[in-house]
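Here's the structure we're looking at; comments come further down.
Fair warning: this is a prediction, and the values are worked out from it, not measured in the lab. Quick note on labels: first sequence line is chain A, next is B, and so on, each numbered from 1.
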Number of protein chains: 2
Amino acid sequence: MQQLFGLNKREVAEILRRKDINPTTQRIEIAYLLLQRPQHLSAEEILQKLNKEYEQVSQATIYNTLRLFVDKGVIRELVFSPDRIYYDSHIMPHHHFIDVETGKIYDIPLESLPMKDINISGIDAEVLEVSMMIKGRLNQPS
Amino acid sequence: MQQLFGLNKREVAEILRRKDINPTTQRIEIAYLLLQRPQHLSAEEILQKLNKEYEQVSQATIYNTLRLFVDKGVIRELVFSPDRIYYDSHIMPHHHFIDVETGKIYDIPLESLPMKDINISGIDAEVLEVSMMIKGRLNQPS
DNA sequence: TTGCGTGCAAACGCTTTGCATATTA
DNA sequence: TAATATGCAAAGCGTTTGCACGCAA
């Protein structure tokens with residue numbers, strides 16, 4: 001199973017409906033932006049991009065909607081820094097690399113980081129999310 | 001190599017000195033509390049614990065000192081939730097399990113989560129930190 | 001006595017929220 | 001027309017900071 005990106009607004013609305021979200025104009029705009037491609041955006045970045053040409057969505061609605069989307073599983077919340085939350089439009093399992101120089105987040109496909117025989121001994125729990133974060137310094141392709 | 005806990009204040013001062021930190025009264029108090037055992041404390045929790053009996057360390061100093069300790073490698077910063085930063089007194093590599101019910105953080109020893117053949121293909125970088133976080137719901141030992 | 005550390009209080013910045021208005025079913 | 005969503009502005013809250021004072025080398 002793979003995730004689709006670059007959908008049109010009608011298709012985005014359908015995705016929201018399937019996730020039990022009333023597809024209002026603002027919610028479609030936000031989801032349409034996010035689901036263009038796999039990406040990591042902060043609330044502020046989303047606000048700027050959406051309202052670049054004219055005021056489309058208020059700050060309060062952005063925040064309310066992002067939280068709703070996370071709860072409903074449309075996007076994933078990334079908490080790597082205390083500064084701001086990033087929202088990941090790519091919800092299939094994968095890991096992240098953060099370049100400490102730029103703060104940019106890169107996806108790491110699961111296959112690139114094979115983990116065999118995972119077995120969390122000593123902890124008896126229902127696992128909801130596994131997330132691997134790697135911080136480092138990108139080597140410049142000079 | 002293993003990390004020592006439960007040191008006395010003289011030993012704590014020595015550890016700070018070795019990490020290029022001037023061991024002042026307040027810094028020793030904070031480090032002494034943290035290095036009692038492997039634990040995860042927020043700034044607020046540290047403030048409360050230290051000043052329980054009488055005012056020992058101000059809030060500003062707690063925050064300044066925690067940041068200093070992180071920079072000098074005395075403790076490790078855990079950013080798992082946007083709410084607050086937790087400080088991990090256990091700096092040997094290990095992973096974390098977060099109980100979504102209580103917010104409590106549990107250590108997962110490396111051996112419990114064996115990862116063979118790690119190979120981050122596609123990314124050419126100097127790796128500074130690897131951190132695996134598992135969110136879940138603890139099964140009650142009813 | 002000079003630089004570093006501490007602490008008060010105010011500022012900061014991201015996020016949340018109360019409430020009135022607007023929109024939708 | 002009842003329920004839900006939006007948006008403004010203010011509040012909230014963890015963290016940082018400016019600055020004056022204190023302390024130690």
Side-chain angles (χ1 to χ4, degrees), chain A residues 9-10 12-14 16-17 19-34 40-51 54-72 74-88 103 105, chain B residues 9 12-13 16-17 19-34 40-51 54-72 74-88 103 105:
Chain A
K9 293 190 184 177
R10 195 177 306 276
V12 167
E14 183 52 31
L16 294 184
R17 249 181 244 107
K19 303 247 182 182
D20 268 322
I21 297 170
N22 193 351
T24 65
T25 310
Q26 289 84 344
R27 287 172 180 171
I28 291 171
E29 286 305 323
I30 298 172
Y32 177 73
L33 169 63
L34 277 161
H40 320 96
L41 297 173
S42 67
E44 150 105 65
E45 284 167 350
I46 293 170
L47 187 63
Q48 303 243 334
K49 278 175 195 279
L50 287 182
N51 296 340
Y54 60 99
E55 173 79 15
Q56 288 195 89
V57 190
S58 75
Q59 193 207 48
T61 298
I62 300 260
Y63 276 103
N64 288 337
T65 301
L66 288 173
R67 205 143 40 80
L68 178 70
F69 283 3
V70 170
D71 290 347
K72 298 290 190 178
V74 179
I75 56 178
R76 187 173 152 194
E77 195 183 50
L78 301 182
V79 184
F80 293 150
S81 130
D83 292 350
R84 59 181 48 58
I85 302 172
Y86 281 93
Y87 295 91
D88 193 343
I105 302 168
Chain B
K9 295 190 182 177
V12 167
L16 294 184
R17 247 180 245 108
K19 302 247 183 182
D20 268 321
I21 296 171
N22 193 351
T24 65
T25 309
Q26 289 85 342
R27 288 172 179 172
I28 291 172
E29 286 304 322
I30 297 171
Y32 177 72
L33 169 63
L34 277 161
H40 320 95
L41 297 173
S42 67
E44 148 105 65
E45 284 167 349
I46 293 169
L47 187 64
Q48 303 245 332
K49 277 176 196 279
L50 286 183
N51 296 341
Y54 59 99
E55 174 79 13
Q56 288 195 88
V57 190
S58 75
Q59 193 208 48
T61 298
I62 301 261
Y63 277 103
N64 288 336
T65 302
L66 289 173
R67 204 142 42 81
L68 177 70
F69 282 3
V70 170
D71 289 347
K72 297 290 191 179
V74 179
I75 57 180
R76 185 174 153 193
E77 196 182 47
L78 301 182
V79 185
F80 293 150
S81 131
D83 293 350
R84 58 182 48 59
I85 302 171
Y86 281 93
Y87 296 90
D88 192 342
I105 302 168

Write down the protein N/O and nucleotide N/O pairs, taken from nucleotides 12-17 of chain D, whose separation is under 3.5 Å; answer none if there are no such pairs.
from: dG14(D); atom 1: OP1; to: Arg84(B); atom 2: NH2; distance (Å): 3.3
from: dT15(D); atom 1: OP1; to: Ile85(B); atom 2: N; distance (Å): 2.8
from: dT15(D); atom 1: OP2; to: Tyr63(B); atom 2: OH; distance (Å): 2.8

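- Glu29(A) places its CD atom 15 Å from the C1' atom of dA5(D), with the value rounded to the nearest Å.
- Rounding to the nearest 0.5 angstrom, the gap separating the OH atom in Tyr86(B) from the CG atom in Leu66(B) is 13.0 Å.
- Atom CD1 of Ile75(B) sits about 5.5 Å away from atom CG of Leu34(B), to the nearest 0.5 Å.
- Separating the CG atom of Asp20(B) from the C1' atom of dG5(C) is a distance of 16 Å, rounded to the nearest angstrom.
- Here the CZ-CZ distance, from Phe69(B) to Arg27(B), works out to 7.0 Å after rounding to the nearest 0.5 Å.
- The CD atom of Gln56(A) lies 12.0 Å from the OG1 atom of Thr61(A); values are rounded to the nearest 0.5 Å.
- The distance from atom CG of Asp20(A) to atom CG of Asn22(A), rounded to the nearest 0.5 Å, is 10.5 Å.
- The Gln26(B) side chain lies nearest to dT6(C) when the options are dA5(D), dG7(D), dT6(C).
- Computed from coordinates, the Asn22(B) CG to dT2(C) C1' distance equals 15 Å when rounded to whole Å.
- Between Leu66(A) atom CG and dG7(D) atom C1' the separation is 15 Å, expressed in whole Å.
- Between the P atom of dA5(D) and the CD1 atom of Ile62(A) lies a distance of 16 Å, rounded to the nearest Å.
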Stepwise side chain to side chain contact (heavy atoms under 4.5 Å, CB included) test for Lys9(B) and Glu29(B): CA-CA 8 Å; Lys9(B) 295 190 182 177; Glu29(B) 286 304 322; 2.9 Å; yes
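- Taking atom CD1 on Ile28(A) and atom P on dT23(C), their separation rounds to 15 Å, with Å as the unit.
- When each of Glu55(B) and Arg27(B) is assigned the nucleotide of DNA chain C with its nearest heavy atom, Arg27(B) is the one assigned upstream, toward the 5' end.
- Side-chain nitrogen and oxygen atoms of Thr24(A) include none within less than 4.0 Å of the OP1 or OP2 phosphate oxygen of dT24(C).
- Interatomic distance, CD1 of Ile46(B) versus OH of Tyr63(B), reported as 9.5 Å (0.5 Å rounding).
- Residue Arg17(A) contributes atom CZ, which lies 13 Å from atom P of dT24(C) at whole-angstrom precision.
- For Thr61(B), a side-chain nitrogen or oxygen approaches OP1 or OP2 of dG7(C) to under 4.0 Å.
- If you take CG of Leu47(A) and P of dG7(D), they are 11 Å apart, rounded to a whole angstrom.
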